[in-house]
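Here the structure is a predicted model, which is why all the values come from computation and not from measurement. Hydrogens, waters and symmetry mates play no part in the numbers below; they use all other heavy atoms, side chains included. Naming convention: chains lettered A, B, ... in sequence-line order (proteins, then strands); numbering from 1 in each chain.
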Protein chains: 2
Amino acid sequence: MRSSDLPQVRSLELFKSMGDSNFDTLMQAAYLQTFPSQLELIAEGDPADFLYVVIEGCVELFARTNGRESTMGMVHPVGTFILAAVLKDAVYLMSARTCRRSKVLMVPSENIREVFQRDEAFARAIVVELASCYRTVVKEHKDLKLRTAVERLANRLLRYHVDQGESGMLELPHDKRTLASLLGMTPENLSRAFNTLKPYGVVVDGNRISLDDVEALATLAKPNPLIDDRNT
Amino acid sequence: MRSSDLPQVRSLELFKSMGDSNFDTLMQAAYLQTFPSQLELIAEGDPADFLYVVIEGCVELFARTNGRESTMGMVHPVGTFILAAVLKDAVYLMSARTCRRSKVLMVPSENIREVFQRDEAFARAIVVELASCYRTVVKEHKDLKLRTAVERLANRLLRYHVDQGESGMLELPHDKRTLASLLGMTPENLSRAFNTLKPYGVVVDGNRISLDDVEALATLAKPNPLIDDRNT
DNA sequence: TCAAGGCGTTGACTTAGATCAATTCCAGAA
DNA sequence: TTCTGGAATTGATCTAAGTCAACGCCTTGA
């Protein structure tokens with residue numbers, strides 16, 4: 001792989017604390033590939049042969065059953081996905097496709113499991129990473145079970161707003177149909193939810209949103225750190 | 001703690017492979033307590049001081065926000081809960097209450113984290129356990145996002161049916177209001193969902209259900225191993 | 001330059017599911 | 001035994017959200 005990408009990977013929490021030689025082992029076994037947009041990288045049900053790391057671009061995790069489909073999450077650089085399947089040596093529970101041209105690092109599962117045995121620090125990092133993933137899904141599950149569609153959207157907007165520096169403006173990181181699926185609703189309903197939020201100072205212009213009354217929006221959204229904070 | 005309970009705990013996947021002395025250390029630091037029914041053991045937002053193991057009885061995990069409440073899971077003997085919070089040294093994301101008089105083992109978080117460092121096998125077991133928990137929630141999330149209420153109920157009945165030996169009869173392991181909340185619906189709606197399933201051979205008598213036409217029910221439910229199987 | 005196709009929006013309508021209220025049916029306490 | 005309160009069910013109604021169809025508006029590509 002290109003050496004200019006290595007420091008990025010190394011700086012990931014997951015790989016930061018492990019020994020140099022073990023890191024090298026992993027990287028030498030890994031493949032770095034660039035994929036075109038809309039390519040299905042993995043399909044749910046397939047055995048987990050690789051741990052994936054998104055270096056550039058964007059990857060959508062989604063699930064299908066019985067003809068229906070739903071976006072389960074989005075992975076941006078530098079992030080990993082399907083760690084749990086790799087560690088359990090099980091099949092993937094989610095499919096993944098690129099949202100745009102993307103550079104992806106693929107680390108063979110065996111090597112991950114092998115180094116996990118050898119490297120104390122890596123093992124600890126994996127546990128922390130896994131626990132974080134777990135807690136993220138629990139929060140998403142709470143979000144879906146305890147809130148209406150409008151509330152989910154309002155809280156999501158507040159999150160993006162904070163992420164992007166609380167300037168009163170924000171940009172949606174994905175297109176609206178993906179956002180809708182992520183929030184568990186149809187595109188039509190998302191559009192209507194935006195209209196519902198208009199009286200709370202939410203002004204939509206394409207994928208640029210301005211929040212003219214964050215107070216009012218927060219009163220409606222009632223954000224809860226045990227659902228909305230990513231780092232608790 | 002009573003020595004008669006020890007083998008049960010020791011036989012848990014999580015504790016099975018660790019060293020004897022480390023297991024003893026954990027158990028000596030632990031408290032075994034019996035709690036009355038409906039007692040709130042932990043509240044979401046509290047720091048994770050203990051890992052819990054249900055020895056007898058039953059514990060309900062639930063979450064609240066903004067006046068609403070939802071059951072997130074049920075823990076039966078012998079099972080653990082809130083491992084992720086303990087390992088991350090973070091706050092609990094869910095609350096827990098006893099469903100009936102229950103015997104619970106409480107292992108201090110510090111000891112868990114300490115032994116995790118020392119005991120290779122324990123670390124590995126923790127990773128497998130965490131990965132399993134993670135995959136369970138992902139499946140529940142898929143269930144909720146991709147299926148209607150009736151489908152969720154149908155698949156749940158099929159699961160209980162298999163769990164209980166496929167005799168054509170099954171017993172609901174919790175009362176109906178809890179089941180409703182677990183499946184993400186109201187008690188009224190659960191009652192109507194049972195009626196909807198009547199033409200598919202589902203006969204309800206209190207918490208005893210008989211499935212007179214498993215084929216037909218399965219055709220409706222369209223079970224998916226990547227959602228419904230607990231061990232994949 | 002003009003299609004052509006995809007995304008987003010809107011309107012009309014349907015439907016799944018929630019809410020509210022009333023009733024029945026127990027199981028446990030007096 | 002009777003009383004009582006919670007669980008479950010049912011009916012009536014309401015509401016959130018999905019579906020279907022039409023349309024505008026871009027972007028892309030010939």
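A donor atom on one side chain and an acceptor atom on the other are not found under 3.5 Å apart for Asn189(B) and Thr186(B). Using modelled atom types and a 3.5 Å distance limit, the side chains of Asp49(A) and Ser109(A) yield no donor-acceptor pair.
Partners of Arg192(A) by side chain to side chain donor-acceptor pair (under 3.5 Å), not counting sequence neighbours: none found.
Listed for the Glu129(B) side chain is no donor-acceptor partner under 3.5 Å among the backbone atoms of Glu13(B). Here the side chain of Gln8(A) pairs no donor or acceptor atom with the backbone of Val78(A) at under 3.5 angstrom.
Contacts between residues 176-193 of chain A and DNA chain D, defined by a heavy-atom separation under 4.0 Å, are made by Gly184(A), Met185(A), Thr186(A), Glu188(A), Asn189(A), Arg192(A). Of the residues in residues 195-210 of chain B, not one comes within less than 4.0 Å of DNA chain C through any heavy atom.
Under the 30°/60° scheme for interplanar angles, the aromatic rings of Tyr160(B) and His174(B) are found to stand perpendicular.
Of the residues Lys139(B), Arg147(B), Arg152(B), Lys142(B), the one that meets the salt bridge (Lys or Arg N to Asp or Glu O under 4.0 Å) test with Asp228(B) is Arg147(B).
In this entry the distance linking CZ of Phe194(B) with P of dT10(D) reads 12 Å, nearest Å. Per the geometry, CG belonging to Leu153(B) stands 15 Å off P belonging to dA16(C), to the nearest Å. In this structure, the CG atom of Asp175(B) is 10 Å from the C1' atom of dA8(D), given to the nearest Å. Straight-line distance from the NE2 atom of His174(A) to the C1' atom of dC7(C): 16 Å, rounded to whole Å.
Residues Glu151(A) and Arg68(B) are paired through a salt bridge, judged by an N-O separation under 4.0 Å between the basic side chain and the carboxylate.
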